[in-house]
Amino acid sequence: MANPTGEQFELTRGGARAVVTEIGAGLRAFEINKVPYLETFDAEEAPPKAAGQVLLPWPNRTKGARWTYEGEPQELKVTEEARGNAIHGLVRRKEWELLEHGEWFIRLAVEVGAEAGWPVPLHTEITYELAPRGLTVTHEVRNEGDKPVGFGVGTHPYLRIGDVPTDELTLTLAASRVRPHVADEQLPFGEETDVEGTDHDLRDGRIVGGLDLDTAFGGLAPYDDGRYHHLLSHHDTMLDLWTDTDFGWVQVFTPSDYPGRGRAIAIEPMTCPADALNSGTDLIDLEPGASWRASWGIAVHIR
């Protein structure tokens with residue numbers, strides 16, 4: 001049986017190590033000095049619960065797998081059959097082309113062709129760059145068509161701090177707005193509200209234990225460096241998932257059944273919320289021939 005994620009590309013730099021997959025260009029592993037900071041899976045397995053995957057040209061779900069482009073109805077393939085939605089874009093099961101691979105970096109590319117439900121071709125690249133105590137991921141998208149189009153980008157990393165139980169970690173989000181998920185459809189586009197005075201106010205940090213989230217957060221406040229920072233910490237160790245401000249949304253998902261781990265936490269940077277192809281909220285608009293580029297990353301701090 002063929003490996004569902006294709007060839008495995010290893011990056012190393014000092015004590016840091018990461019593994020990127022050929023199919024989906026996903027992040028399968030990230031560790032420093034053999035301490036894992038990312039939930040992983042075996043190379044012979046499909047990514048469980050979208051672990052480490054790249055979500056493009058939309059993150060999360062498009063309701064009913066339908067949207068409208070320039071007045072024309074578009075029908076995407078239903079990829080969440082239980083709910084009839086199109087989930088997590090078009091590239092996570094495609095074979096990406098290897099462009100460059102050094103000891104501590106890799107660059108891959110894939111074409112999103114004009115296809116059923118997606119009318120405008122896109123060229124997209126991703127670069128992973130490993131540092132001694134972190135990782136930077138850069139996305140690039142170019143409109144290869146002759147018409148403008150709006151799109152979104154997201155990623156789906158599940159973070160951990162070694163063998164510390166997920167429920168003992170502290171989550172801090174500089175987010176002032178929230179869109180709770182709609183339970184029966186799992187579409188996080190419930191009425192957007194302010195987090196002030198609610199259980200969704202994570203600005204001062206909260207223990208993950210007791211949180212039950214599949215929830216989109218917006219209204220992000222940049223730090224002094226002009227970036228957004230989503231923090232996961234335990235005692236003297238802090239994981240900083242930082243993003244450029246193009247990633248104005250973050251989805252937090254806390255499943256209880258991640259294979260081999262149980263309780264897990266995904267912190268998913270997104271440029272737009274769920275169902276943005278229909279709402280238009282924070283889509284990135286590209287004219288023909290134009291390109292977009294933005295980065296996010298993970299930094300490990302130990303006091």
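Residue numbers start at 1 and run along the sequence shown.
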S.K.: Answer whether the closest heavy-atom distance between the side chains of Ser295 and Val137 falls below 4.5 Å.
M.R.: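 Answer no - side chains too far apart.
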
S.K.: In Å and rounded to the nearest 0.5 Å, what is the CG to CZ distance from Asn60 to Arg179?
M.R.: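 If we round to the nearest 0.5 Å, Asn60:CG and Arg179:CZ are 11.0 Å apart.
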
S.K.: Verify, without hydrogens or angle tests, whether Thr79 (side chain) and Ala86 (backbone) share a donor-acceptor contact under 3.5 angstrom.
M.R.: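 Judged by distance alone, no pair lies under 3.5 Å.
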
S.K.: Taking the six-membered ring for Trp, are Phe217 and His200 parallel (under 30°), tilted (30 to 60°) or perpendicular (over 60°)?
M.R.: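 Judged by the thresholds at 30° and 60°, the geometry between Phe217 and His200 is perpendicular.
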
S.K.: Does Asn143 use its side chain to pair, donor to acceptor, with the backbone of Ala290 at less than 3.5 Å?
M.R.: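 Answer holds: no.
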
S.K.: Any heavy-atom pair between the side chains of Thr172 and Met238 that's under 4.5 Å?
M.R.: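 With C-beta onward as the side chain, the pair stays apart.
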
S.K.: Should we say atom CG of Asp204 is surrounded by more than 12 heavy atoms from elsewhere, each under 6.0 Å from it?
M.R.: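 Open: at most 12 neighbouring heavy atoms sit under 6.0 Å from CG of Asp204.
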
S.K.: Decide side chain to side chain contact (heavy atoms under 4.5 Å, CB included) for Asn85 and Thr62; before the verdict, give the C-alpha distance in whole Å, the side-chain angles of both, and the deciding distance to 0.1 Å.
M.R.: CA-CA 6 Å; Asn85 300 318; Thr62 297; over 6 Å; no

S.K.: Membership question, hydrophobic clusters at under 4.5 Å side-chain separation (ILVMFWY): are Leu211 and Val195 in the same one?
M.R.: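 As far as the 4.5 Å side-chain criterion goes, Leu211 and Val195 are connected within one cluster.
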
S.K.: Let me check something: do Ile87 and Leu56 share a hydrophobic cluster, defined by ILVMFWY side-chain heavy atoms less than 4.5 Å apart, either directly or through other members?
M.R.: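 Ile87 does not cluster with Leu56.
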
S.K.: Apply side chain to side chain contact (heavy atoms under 4.5 Å, CB included) to Phe151 and Asp285, showing your working.
M.R.: CA-CA 7 Å; Phe151 70 96; Asp285 294 316; over 6 Å; no

S.K.: Under 4.0 Å between a side-chain nitrogen and a carboxylate oxygen: does that hold for Glu196 and Arg203?
M.R.: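 Counted as a salt bridge, because a side-chain N and a carboxylate O are separated by less than 4.0 Å.
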
S.K.: Could you report the tightest heavy-atom contact between Glu44 and Asn3, atom names first, then the distance?
M.R.: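 So the two residues come closest at CA-OD1, 4.2 Å.
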
S.K.: Does the plane of the ring in His229 sit parallel, tilted or perpendicular to the ring in Tyr223? Use 30° and 60° as the thresholds.
M.R.: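 Tilted: the ring planes of His229 and Tyr223 meet at 30° to 60°.
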
S.K.: When you compare the side chains of His139 and Trp296, does any donor N or O come within less than 3.5 Å of an acceptor on the partner?
M.R.: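 A donor-acceptor contact under 3.5 Å links the two side chains.
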
S.K.: Could Arg83 and Glu80 be called an ion pair, given the rule that one side-chain N must be under 4.0 Å from one carboxylate O?
M.R.: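 A salt bridge is present here (some side-chain N lies under 4.0 Å from a carboxylate O).
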
S.K.: In this structure, would Leu99 and Tyr128 fall into the same cluster of hydrophobic residues linked by side-chain contacts under 4.5 Å?
M.R.: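 Not linked; separate clusters.
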
S.K.: Are Glu140 and Arg142 close enough for a salt bridge, meaning some N to O gap below 4.0 Å?
M.R.: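 Salt bridge: no.
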
S.K.: Roughly how far, to the nearest 0.5 Å, is the CG atom of Leu239 from the CG atom of Leu232?
M.R.: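 The distance works out to 5.5 Å.
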
S.K.: Do Asp244 and Tyr228 come within less than 4.5 Å of each other through their side chains, counting heavy atoms only?
M.R.: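 In short, these two side chains do not touch, never coming nearer than 4.5 Å.
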
S.K.: Supply the atom-to-atom distance Arg227 CZ to Thr245 OG1, rounded to the nearest 0.5 angstrom.
M.R.: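 The distance works out to 10.0 Å.
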
S.K.: Quick check: are there more than 12 heavy atoms from other residues, nucleotides or ligands sitting under 6.0 Å from CG of Asp194?
M.R.: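 Correct, the count exceeds 12.
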
S.K.: Do Thr271 and Asp282 have side chains that approach each other closer than 4.5 Å (heavy atoms only, starting at C-beta)?
M.R.: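 The answer is no; the side chains never approach within 4.5 Å.
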
S.K.: Among Val208, Ile265, Ile207, find the residue that satisfies the side chain to side chain contact (heavy atoms under 4.5 Å, CB included) test when tested with Asp167.
M.R.: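 When Val208, Ile265, Ile207 are each tested with Asp167, the side chain to side chain contact (heavy atoms under 4.5 Å, CB included) holds only for Val208.
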
S.K.: Go through the structure and list residues passing side chain to side chain contact (heavy atoms under 4.5 Å, CB included) with His235, not counting sequence neighbours.
M.R.: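 Once residues adjacent in sequence are excluded, His235 has no partner under the side chain to side chain contact (heavy atoms under 4.5 Å, CB included) criterion.
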
S.K.: What heavy-atom pair brings Thr40 and Ala29 nearest, and what distance separates the two atoms?
M.R.: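 Shortest heavy-atom separation between Thr40 and Ala29 comes out as OG1-CB, 4.0 Å.
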
S.K.: Begin from the C-alpha positions of Trp292 and Asp246 and carry the test side chain to side chain donor-acceptor pair (under 3.5 Å) through to its verdict.
M.R.: CA-CA 10 Å; Trp292 166 88; Asp246 289 52; 2.6 Å; yes

S.K.: Looking only at heavy atoms, what is the nearest atom pair of Glu31 and Pro36, with distance?
M.R.: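 The pair with the smallest heavy-atom distance is CB-CA, 3.9 Å.
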
S.K.: Quick one, Thr138 and Arg293 - any side-chain contact, counting heavy atoms below 4.5 Å?
M.R.: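 Side-chain contact under 4.5 Å: yes.
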
S.K.: Counting only N and O atoms by type, is there a donor-acceptor contact under 3.5 Å from the side chain of Trp96 to the main-chain atoms of Val91?
M.R.: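 Answer holds: yes.
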
S.K.: Please check if atom CD in Glu81 has more than 12 non-hydrogen atoms from other residues, nucleotides or ligands closer than 6.0 Å.
M.R.: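 No, not enclosed.
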
S.K.: On a heavy-atom basis, which atom in Leu241 and which in Pro157 lie closest, and how many Å separate them?
M.R.: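 Leu241 and Pro157 have their closest heavy atoms at CD1-CG, 4.1 Å.
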
S.K.: I'd like to check Glu72 versus Gln74 (side-chain heavy atoms, cut-off strictly below 4.5 Å). Are they in contact?
M.R.: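 Side chain of Glu72 against side chain of Gln74, heavy atoms only: contact under 4.5 Å found.
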
S.K.: I need the Thr237 OG1 to Ile32 CD1 distance, nearest 0.5 Å.
M.R.: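 One gets 10.0 Å once the value is rounded to the nearest 0.5 Å.
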
S.K.: Between Leu55 and Val20, is there shared hydrophobic-cluster membership here, with clusters defined by ILVMFWY side-chain heavy atoms closer than 4.5 Å?
M.R.: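 No, Leu55 and Val20 fall in different hydrophobic clusters.
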
S.K.: Mind checking whether Tyr258 and Tyr158 have ring centres under 6.0 Å apart?
M.R.: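 Aromatic pair counts; centres sit under 6.0 Å.
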
S.K.: To the nearest 0.5 Å, tell me how far Ile298 CD1 sits from Leu159 CG.
M.R.: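 One gets 5.0 Å once the value is rounded to the nearest 0.5 Å.
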
S.K.: Hey, what do you get for CD (Glu268) to CZ (Phe253), rounding to the nearest 0.5 Å?
M.R.: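 Between Glu268 CD and Phe253 CZ, I get 8.0 Å after rounding to 0.5 Å.
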
S.K.: Regarding Asp201 and Arg206, does a basic nitrogen lie under 4.0 Å from an acidic carboxylate oxygen?
M.R.: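 Not counted as a salt bridge, because no side-chain N and carboxylate O are separated by less than 4.0 Å.
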
S.K.: Do Trp67 and Asp275 make a side-chain contact, defined as non-hydrogen atoms from C-beta onward lying under 4.5 Å apart?
M.R.: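 No, every pair of side-chain atoms sits at 4.5 Å or beyond.
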
S.K.: Provide the closest heavy-atom pair for Ala51 versus Phe41 in the form atom of the first, atom of the second, distance.
M.R.: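 What the structure gives for the nearest pair is O-CE2, 3.9 Å.
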
S.K.: Counting C-beta onward and ignoring hydrogens, is there a side-chain heavy-atom pair between Phe105 and Leu130 closer than 4.5 Å?
M.R.: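 They are not in side-chain contact.
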
S.K.: Please report the C-alpha distance between Leu98 and Ile106 in whole Å, then the side-chain angles of each, then the deciding distance to 0.1 Å, and finally whether the side chain to side chain contact (heavy atoms under 4.5 Å, CB included) criterion is met.
M.R.: CA-CA 8 Å; Leu98 177 63; Ile106 189 169; 3.6 Å; yes

S.K.: Which pairs pass side chain to side chain donor-acceptor pair (under 3.5 Å) with one or both residues in residues 106-117, sequence neighbours excluded?
M.R.: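 Qualifying pairs, neighbours excluded: Glu100-Arg107, Arg107-Glu125, Glu111-His123.
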
S.K.: To check you understand the geometry: which heavy-atom pair defines the closest contact between Met270 and Pro59, and what is its length?
M.R.: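 Heavy atoms only, the tightest pair is SD-CB, 4.0 Å.
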
S.K.: With clusters defined by side-chain heavy atoms of hydrophobic residues (ILVMFWY) lying less than 4.5 Å apart, directly or transitively, does Phe30 cluster with Ile267?
M.R.: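 Both belong to a single hydrophobic cluster.
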
S.K.: Dump the intermediate steps for side chain to side chain contact (heavy atoms under 4.5 Å, CB included) on Arg28 and Gln8, then the final yes or no.
M.R.: CA-CA 9 Å; Arg28 189 173 70 79; Gln8 310 293 299; 2.6 Å; yes

S.K.: Report yes or no: does Arg160 contribute a side-chain atom to a donor-acceptor pair with the main-chain N or O of Gly162 at less than 3.5 Å?
M.R.: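 Pair found, side chain donor or acceptor close to backbone of Gly162.
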
S.K.: Between the main-chain N or O of Gln251 and the side-chain N or O of Trp249, is there a donor-acceptor pair closer than 3.5 Å?
M.R.: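 Judged by distance alone, no pair lies under 3.5 Å.
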
S.K.: Would you say that more than 12 heavy atoms from the other residues, nucleotides or ligands in this model lie under 6.0 Å from the CZ of Arg177, or not?
M.R.: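 Result for CZ/Arg177: enclosed.
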
S.K.: Give a yes or no on whether Arg261 atom CZ has more than 12 heavy-atom contacts from other residues, nucleotides or ligands under 6.0 Å away.
M.R.: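 More than 12 within 6.0 Å, yes.
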
